[in-house]
Protein chains: 2
Amino acid sequence: MSYAIAIIDQLRNKKFRITRLRKALIEELGISKKPLSVEEIIKHLRKRKVIVHKTSVYRQLIFLMEQDEVRKVTFGEKGDRFELTVMHHHHAVCQKCGEVEDLLYLESNIKQMEQTFLKKRFKVERHLVEFLGLCKKCQKEKTKTI
Amino acid sequence: MSYAIAIIDQLRNKKFRITRLRKALIEELGISKKPLSVEEIIKHLRKRKVIVHKTSVYRQLIFLMEQDEVRKVTFGEKGDRFELTVMHHHHAVCQKCGEVEDLLYLESNIKQMEQTFLKKRFKVERHLVEFLGLCKKCQKEKTKTI
DNA sequence: TGACAAATGCAACTCGGTTGCGTTAAAATA
DNA sequence: TATTTTAACGCAACCGAGTTGCATTTGTCA
């Protein structure tokens, strides 16, 4: 199931243009199981014959973040990664094979932590909760990590 | 209370040289209440008359990370930040005034989350747990965030 | 279909971080 | 304490993710 159609509709209602890039980018993020780097985005788009300049991708991502449709996440690598806001959750990232697992089962823990802030009167706008390590497979064939 | 002396001693025992920069850097990280950026490190060192090139700071931080005495953390900003491993905990970062509060009271939540991974056989090597938002003070005088 | 602003492509740029190499200074030895 | 060795340093040049300015293209609406 993809969230892309709803997002595109919402943007159209807000009178924003639906360009080839904007549409394809939202669709790609909507079907990706993990947050994507700009490099990955360009590669994926190329596969579906949408050839774009990195500048346009960055500007598009900034636009979508302003509309609160996209969020930046970090796995402690060099570059940033991006995901649809509606798909926001947390990840276990294998440092060797790069496999990403969604951590749906942590949501209650995170909610619980955010309760703590209510008491402290700190208004949480954003959180980073990611776990980096080795997946089951890669623990066996242990070599160098990324 | 500073952790610097113990760390320096340990390095000396491992036959590493204790240079002016190495010593001053460990001491600065040891007295800082928050993880520091390289820019901040250079500024702090300058105040105590230790003038160093950014290259040396980066190399020193890489060395200290290899020795597992220092960790890289990210607050979702441009650059990275660094802290002593023994001081590792999590933070609430105000996006306006930059104030950083240690989240000692989250440790039990994080331990709990890591329990989850034991069941999944995912070996956690590192985690990112940071909360970004507005502190009590800045919520009142609300303007632009960083 | 034409007009117009929004979005795009491209070149040049910024800036955090890295690399190569010649120089300096910790610390072991005499 | 002077001498030797080599780890650590400073500097210049570089790398690459992300940004900016501007001319060109394209989505939308009359």
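Residue numbers start from 1 in every chain, and the chains themselves are labelled A, B, ... in the order their sequence lines are given, proteins ahead of strands.
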DNA chain D contacts among residues 59-71 of chain B, heavy-atom distance under 4.0 Å: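 Contacts with DNA chain D under 4.0 Å: B/Arg59, B/Gln60.
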
Mind listing the residues from residues 34-55 of chain A sitting with a heavy atom below 4.0 Å of DNA chain D? Number order is fine.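 Close to the strand are A/Lys54, A/Thr55.
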
Take the protein atom [atom1] of [X] and the nucleotide atom [atom2] of [N], then report the distance between them rounded to whole Å.
X: B/Leu25; N: D/dA8; atom1: CG; atom2: P; result: 13 Å
X: B/Leu11; N: D/dA7; atom1: CG; atom2: C1'; result: 14 Å
X: B/Phe75; N: C/dG16; atom1: CZ; atom2: P; result: 17 Å
X: A/Lys14; N: C/dA6; atom1: NZ; atom2: P; result: 16 Å
X: B/Leu21; N: D/dA7; atom1: CG; atom2: P; result: 17 Å
X: A/Lys72; N: D/dA17; atom1: NZ; atom2: C1'; result: 11 Å
X: B/Glu77; N: C/dC15; atom1: CD; atom2: P; result: 16 Å
X: A/Ile18; N: D/dT28; atom1: CD1; atom2: P; result: 6 Å

Out of D/dG27, C/dG9, D/dC9, whichever nucleotide has its closest atom nearest the side chain of A/Arg20: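 Minimum distance to the A/Arg20 side chain belongs to D/dG27.
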
Which nucleotide, C/dT8, C/dA7, D/dG27, lies nearest any side-chain atom of A/Arg22?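 The nucleotide sitting nearest to the side chain is C/dA7.
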
Quick check: closest heavy atoms across B/Glu27 and B/Arg48, and the distance to 0.1 Å?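 Closest approach of B/Glu27 to B/Arg48: OE1-NH1, 2.7 Å.
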
Tabulate below the donor-acceptor pairs under 3.5 Å that side-chain atoms of residues 66-76 of chain A make, not counting sequence neighbours, or state none.
unit_1, atom_1, unit_2, atom_2, d
A/Gln67, OE1, A/Lys14, NZ, 3.0
A/Thr74, OG1, A/Gly76, N, 3.1

Strictly under 6.0 Å, is that where the ring centroids of A/His88 and A/His127 end up?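 When the ring centroids of A/His88 and A/His127 are compared, they turn out to be within the sub-6.0 Å range.
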
Comparing B/Tyr58 and B/Lys15 on DNA chain C - which has the more 5′ nearest nucleotide: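 The residue closer to the strand's 5' end, by nearest nucleotide, is B/Tyr58.
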
Nearest-nucleotide wise, let me know which of B/Phe16 and B/Lys78 is further upstream toward the 5' end of DNA chain C.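 With B/Lys78 and B/Phe16 compared, the 5'-side residue is B/Lys78.
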
Assess, by modelled atom type and distance only, whether the side chains of A/His89 and A/Glu83 contain a donor and an acceptor separated by less than 3.5 Å.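 Side chains of A/His89 and A/Glu83: no pair found under 3.5 Å.
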
How are the rings of B/Tyr105 and A/Phe117 set relative to one another: parallel (under 30°), tilted (30 to 60°) or perpendicular (over 60°)?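 Perpendicular, since the angle between the ring planes exceeds 60°.
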
Please state whether the rings of A/Phe16 and A/Phe63 are parallel, tilted or perpendicular, taking 30° and 60° as the class boundaries.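 Answer is perpendicular, since the angle exceeds 60°.
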
Path from A/Leu103 to A/Leu132 over hydrophobic side-chain contacts below 4.5 Å: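 Shared cluster, no.
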
Would A/Glu40 and A/Arg81 pass as an ion pair if we require N to O under 4.0 Å?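 So A/Glu40 pairs with A/Arg81 through a salt bridge.
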
Taking only the side-chain nitrogens and oxygens of A/Ser56, find out if one of them lies under 4.0 Å from OP1 or OP2 of C/dG9.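 Yes, A/Ser56 has a side-chain N/O under 4.0 Å of OP1/OP2 on C/dG9.
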
Any chance you could lay out the salt bridge (charged side-chain N to carboxylate O under 4.0 Å, His left out) test for B/Glu130 and A/Arg126, step after step, and finish with the verdict? CA-CA 9 Å; B/Glu130 311 293 345; A/Arg126 213 146 73 75; over 6 Å; no

With distance as the sole criterion, do the side chain of B/Arg17 and the base of D/dT6 form a donor-acceptor contact below 3.5 Å?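 Looking at the base of D/dT6, it does pair with a donor or acceptor on the side chain of B/Arg17 (distance under 3.5 Å).
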
